[in-house]
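One structure is given here, and the rest of the page talks about it.
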Protein chains: 2
Amino acid sequence: MFSKACEYGIKASIFIAINSYNDNRVSPKEISAEINSPQAFTAKILQALVKHNIVNSVKGAYGGFEINKEDIAKIKLSQIVTAIDGDQLLHGCGLGFKVCDEEHPCSLHDQFVFIRNDLRNMLENTTLELLAKDIKSGVSFLKL
Amino acid sequence: MFSKACEYGIKASIFIAINSYNDNRVSPKEISAEINSPQAFTAKILQALVKHNIVNSVKGAYGGFEINKEDIAKIKLSQIVTAIDGDQLLHGCGLGFKVCDEEHPCSLHDQFVFIRNDLRNMLENTTLELLAKDIKSGVSFLKL
DNA sequence: TTTATTTCGGATAAATTTATCCTTTTTATG
DNA sequence: CATAAAAAGGATAAATTTATCCGAAATAAA
Ligand code: FES
Ligand code: FES
């Protein structure tokens, strides 16, 4: 479904969000330890999230990654997925055609569009705030 | 969503099914020409489908690939997807945990299970017969 | 039985994704 | 300003997926 990079990106964003609520910046080292991911690879993914203005980075001593507190509730999972994996999953044809075309549908189109639209709606209606709350309350987990 | 191999496998199965209705066996060459896929790679995927008893192969002159006519309505898309991509997509955790565990859910679990279950239901309720009918009637397409 | 045809299967290569390492740049603080 | 801390970015490597090639095995038909 999602690439490894995207899985790490989602988990990393949640962890950064949780820490940002406490005005605490985190490093790739802390992040990868928390979400159980390779550190250098995770750092690369963070660069992509920074470029897409999802995560903010502060260089130098006492720096690290953070997310503006007031943005956490506005950031949708769809933004993270699109930033890392592109928009093929959210808009592409299920059987690999260049575009999903209603006028020239693939064999699976009628069945696939419902699934894809439900997935897209889920990703667009799920915010970092929502996911971070579940972690903080102990309902869900970032590793193991 | 699906791997390239799986996309080819689905399209190939549909094309074989259509031809099998006319008692016509098809070769990897014909298949890859029809579904616009690399021939040798497609042949490898067909071997996997044969091993999983989804497609039947006949060696030698006048041989080729076919599907028992009475089986076409029984073969579900989920069988093809599982044979080629495994069962991670249908049963795995959306954030990459080894297993999807209700007792120890990942952050996305609550939102993800609905999508994944809908996808699985769709794949389990979609038969090759259904897909082949749409192609034959000109509603949908296998290439371009 | 010989021949032509066709799938099977192994080896290999190309492309992409995943992952690591190391140097440069930036910046807060002493 | 000097220093240490931290992200940025380039080069490279490992793993996986995608793709190609070729000889072996099987089989129908002449
Ligand atoms: S054309 Fe394939 S999903 Fe729409
Ligand atoms: S634990 Fe991740 S989807 Fe269920």
Side-chain angles (χ1 to χ4, degrees), chain A residues 1-13 15-16 19-20 23-33 35-67 81 83-86 88-89 95-96, chain B residues 1-13 16 19-20 23-33 35-67 81 83-86 88-89 92 95-96:
Chain A
M1 179 77 73
F2 307 117
S3 69
K4 277 287 164 199
C6 194
E7 290 175 6
Y8 298 152
I10 293 170
K11 292 178 186 174
S13 299
F15 181 62
I16 296 168
N19 278 276
S20 294
D23 301 303
N24 185 33
R25 291 177 188 146
V26 286
S27 65
K29 188 175 179 178
E30 294 172 275
I31 296 171
S32 57
I35 72 176
N36 200 34
S37 68
Q39 180 178 331
F41 188 46
T42 306
K44 281 275 189 291
I45 296 159
L46 289 168
Q47 285 184 34
L49 292 175
V50 169
K51 276 215 178 108
H52 282 83
N53 297 307
I54 293 166
V55 164
N56 183 237
S57 72
V58 179
K59 284 185 184 177
Y62 296 85
F65 295 90
E66 64 185 10
I67 302 177
V81 171
I84 299 172
D85 280 350
Q88 183 63 21
L89 183 64
L95 291 187
Chain B
M1 179 77 74
F2 307 117
S3 68
K4 277 287 164 200
C6 193
E7 291 174 7
Y8 299 152
I10 293 170
K11 291 178 186 173
S13 298
I16 296 168
N19 278 275
S20 293
D23 300 303
N24 186 30
R25 291 174 188 148
V26 286
S27 65
K29 187 174 178 178
E30 293 173 275
I31 296 170
S32 57
I35 71 175
N36 200 32
S37 68
Q39 181 176 333
F41 188 46
T42 306
K44 280 277 188 289
I45 297 161
L46 289 168
Q47 285 182 35
L49 293 175
V50 169
K51 276 214 177 107
H52 283 83
N53 297 307
I54 294 166
V55 164
N56 183 238
S57 72
V58 179
K59 284 184 184 177
Y62 295 85
F65 295 90
E66 64 185 9
I67 303 177
V81 171
I84 299 173
D85 279 351
Q88 183 64 21
L89 183 64
L95 291 188

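The sequence lines fix the lettering, A, B, ..., with proteins before strands; numbering per chain opens at 1. Only a predicted model underlies this, so the values are computations on that prediction, with no experimental measurement involved.
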Expressed as a whole number of angstroms, how long is the span from [X]:[atom1] to [N]:[atom2]?
X	N	atom1	atom2	answer
Ile16(A)	dA6(D)	CD1	C1'	14 Å
Glu30(B)	dT7(C)	CD	P	9 Å
Lys59(B)	dA26(D)	NZ	P	6 Å
Glu66(B)	dT27(D)	CD	C1'	14 Å
Arg25(A)	dT29(C)	CZ	C1'	14 Å
Ile45(B)	dG9(C)	CD1	C1'	15 Å
Gln47(A)	dA11(D)	CD	P	14 Å

Pick out the pairs of N or O atoms, protein on one side and nucleotides 16-21 of chain C on the other, that lie under 3.5 Å.
from	atom 1	to	atom 2	distance (Å)
dT18(C)	OP1	Lys4(A)	N	3.0
dA19(C)	OP2	Tyr8(A)	OH	3.1

| N/O (side chain, Ser57(B)) to phosphate O (OP1/OP2, dC8(C)) under 4.0 Å | yes

| request: Measure from the side chain of Tyr62(B), starting at C-beta and using heavy atoms only, and say which of dA26(D), dA8(D), dA29(D) lies closest. | output: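 Closest of the options to the side chain of Tyr62(B): dA29(D).
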
With no hydrogens and no angle check, is any side-chain donor or acceptor of [X] less than 3.5 Å from a backbone partner on [Y]?
X	Y	result
Asn36(A)	Ser32(A)	no
Asp85(B)	Ser3(B)	yes
Lys11(B)	Leu95(A)	yes
Ser20(B)	Asp23(B)	no
Arg25(B)	Val58(B)	no

| query | Hey, does Val26(A) reach any base, or is it just sugar-phosphate, or nothing, if we go heavy atoms under 4.0 Å? | reply | sugar-phosphate

| said: Return the CD1 to OG distance between Ile67(B) and Ser57(B), rounded to the nearest 0.5 Å. | reply: 12.0 Å

